[in-house]
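Only heavy atoms go into these numbers, but all of them, side chains included; no hydrogens, no water, no symmetry mates. Atoms within a ligand are numbered from 1 in the order they appear, just like the ligands themselves.
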Amino acid sequence: MTSYTLRKGSPAKTRSDAVVVGVVKAGKGLTVAAGAEEVGEAWGRKLRPLLSSLGFKGSVGEVAKVPSSGVVSSPLVVFVGLGDEKDLSPDVVRRAAGGVVRAVPNAATLAIALPADSLPLLSAVTEGAVLGGYTFTQFKAQTAPTTPGVGEVIVLSPLARQDEASRAFEQAQQLADAVNTTRDWVNLPPNELDPERFVELVTEQHKAATKGRGAPKVGIEVWDVERLTEDGCGGILGVGQGSDSPPRLVKLTWDPADATRHVALVGKGITYDSGGYTIKPAGSMATMKSDMAGAATVVQTLFHVARLGLPVKVTAWAPLAENMVSGTAVRPGDVLTIRGGTTVEISNTDAEGRLVLADALVLATEDEPDEVIDVATLTGHMVVALGDRIAGVLGSDELVADVRTAAETAGESVWPMPIPAEMSERIRGSKIADIAQHDWVRWGGGLYAAAFLREFTAGLPWAHIDIAGPSFNSGGPSGHVPNGGTGCTVATLVAHLTSRAGTATEAESATDD
Ligand code: BES
Ligand code: MN
Ligand code: ZN
């Protein structure tokens, strides 16, 4: 376990195994970034030729490790590129901090002297360090990692002794912990995380989070098959009926006394997506343990918001099922009845996400929240359109715009996509049911899926975030993002809810006048 300390101190005189120094491109050459000036001064005019011999370009995330030979107190200096000085931002330092903690995995103490002279920068450095240090080694038995990870990370900041800074430092760690737990859940193999086990994990976390004096009050409700049947949740039951692990639904509620708004979050929780009878090709199945990323995201967001004590009511809904093939599995041709009575003709059992979301969206809207946001690894189409680092966001224009703003604040990438009227016509194309789940026209499949979901949002302000691409990183680590589950969108939702907590609804401001 790594510990984190916030300190005000000289990076040249701080005793640690390694000290991290930012390097920016300024004017014609490279120069040491804010926060590490003293290290630059200690090296003096020899620094530029040194970086030049190393071929150091100063590009974002580039790392060079140099023995300090007594120039500064720490025996090792880790230079990290921050790009152009004029483009310096929290995003840049978050990425850089993420990369450096992986570059010195054996350091007992690591002092980070990156730019941290404002609260957003300090938070970003801290988040980057906690996120970049993430590893998932639970199932490494014989090949346990030989590097223990950094023992203590010391974040150096001129703001260190201010209360606001301590709070920002604490909250940044907590946010990163929420993201890292999301990653853990996504990374769990599907034989270790079926719907029932998912519920157990939520229940255990709920117990821990609400225990003791001053702990937040969070409500938890679990639907088993019997209750799902009573409540008419034919989508969740239909998708789950082919698996030996029965489906579930979990609802968490954070309802503080000072809340003036209610945001409902809904997350897709397919603990494994084989495709069902419309079975996936072998290659596409390999990463489908990650198909519950949306559910993990909304659960972790809710617990984090409760811990922060944000004055906004939040409900988080996680419909959970395993999409399998068996004699009891749903078939193409079946008709399912979603909660509320809408009938859906199934033509592709691999388009299962929209079916479990439909029930959960209907239940979520029955509470009459002010707005609904769903998060789902919904379509490969969105990955084709936007690549694997950008989430698509679709829905009500204003809420889509607000989600984009929140993503920008959080340092995550989302991009708006339309729901053309043509899609709403197509979902009405079923000859035997109210709506068609799918129609085998490949083009714009991510937009069709959103049009389908919109049917179940009761006309409320709604945004759908398709995270099929960015939720799982099949490649190598990059900045603060590791291989495997990324925990994307937790930070965006937290930023959005923070902004909702701080602004009254239009109706309220109108009565204030
Ligand atoms: N879980 C998949 C979507 C997915 C694809 C997530 C790639 C992550 C990476 C989803 O259930 C699915 O299979 N979607 C289909 C939709 C189609 C049948 C309309 C797809 O993407 O092909
Ligand atoms: Mn599928
Ligand atoms: Zn799926």
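Under 4.0 Å from ligand 1, not a single heavy atom of Ile270 appears. For Lys268, every heavy-atom contact with ligand 1 shorter than 4.0 Å involves the side chain, none the backbone. Only the side chain of Asn348 comes within 4.0 Å of ligand 1, counting heavy atoms alone; its backbone N, CA, C and O stay farther away.
Rounding to the nearest 0.5 angstrom, the gap separating the NZ atom in Lys289 from the CG atom in Leu188 is 7.5 Å. Interatomic distance, Ser471 OG to Lys268 NZ, rounded to the nearest 0.5 Å: 9.5 Å. Between atom CG of residue Leu361 and atom CZ of residue Phe452 there is a gap of 10.0 Å, rounded to the nearest 0.5 Å. With values rounded to the nearest 0.5 angstrom, Glu226 atom CD is found 11.0 Å from Asp231 atom CG.
Remark: Lys431 does not engage Glu345 in a salt bridge, criterion side-chain N to carboxylate O under 4.0 Å. A salt bridge links Asp439 with Arg426: at least one charged nitrogen is closer than 4.0 Å to a carboxylate oxygen. Contact check on Lys207 versus Glu204 returns no salt bridge, with no Lys/Arg side-chain nitrogen under 4.0 Å from an Asp/Glu carboxylate oxygen.
Listed by number with element, the atoms of ligand 1 under 4.0 Å from a non-hydrogen atom of Glu352 are 11 (O). In summary, the atoms of ligand 1 found under 4.0 Å from a heavy atom of Thr377, numbered by their order in the structure, are 1 (N), 2 (C), 3 (C), 6 (C). Listed by number with element, the atoms of ligand 1 under 4.0 angstrom from any heavy atom of His381 are 17 (C), 19 (C). Contact atoms of ligand 1 toward Lys280: 2 (C), 12 (C), 13 (O) (distance under 4.0 Å to a heavy atom of the residue). Against a heavy-atom cut-off of under 4.0 Å, Arg354 is close to the following atoms of ligand 1: 19 (C).
Ring geometry for His438 versus Trp440: interplanar angle over 60°, hence perpendicular rather than tilted (30 to 60°). Relative orientation of the Phe136 and Phe139 rings is tilted, given thresholds of 30° and 60° on the angle between their planes.
In the candidate list Leu355, Val239, Asp273, Asp273 is nearest to atom 11 (O) of ligand 1, counting heavy atoms.
Below 3.5 Å of separation, one finds no N or O of Thr379 facing any N or O of ligand 1. At least one N/O-N/O distance between Gly380 and ligand 1 falls below 3.5 Å.
Looking at atom 15 (C) of ligand 1, its nearest protein heavy atom turns out to be Asp350 O, 4.0 Å. The single protein non-hydrogen atom nearest to atom 10 (C) of ligand 1 is Leu378 O, 3.2 Å, given as residue, atom name and distance. The protein atom (non-hydrogen) at minimum distance from atom 7 (C) of ligand 1 is Met288 CE, 3.8 Å.
The minimum distance between the Mn ion (ligand 2) and any N, O or S atom of Glu352 involves atom OE1. The nearest N/O/S atom of Asp291 to the Zn ion (ligand 3) is OD2. In terms of distance to the Mn ion (ligand 2), the nearest N, O or S atom of Asp273 is named OD2. When you scan the N, O or S atoms of Asp273 for the one nearest the Zn ion (ligand 3), you land on OD2.
Taking 2.8 Å as the threshold, Lys268 counts as a candidate ligand of the Zn ion (ligand 3), since one of its N, O or S atoms lies below it. The distance from the Zn ion (ligand 3) to the nearest N/O/S atom of Glu352 is under 2.8 Å.
The side-chain tip of Arg248 does not point at the ring of Phe198 from less than 6.0 angstrom away and within 45° of straight on. A cation-pi geometry, defined here as NZ or CZ lying under 6.0 Å from the six-membered ring centre and within 45° of its normal, holds between Arg404 and Trp415.
The closest side-chain donor-acceptor pair between Asn473 and Asn483, if any, does not fall under 3.5 angstrom.
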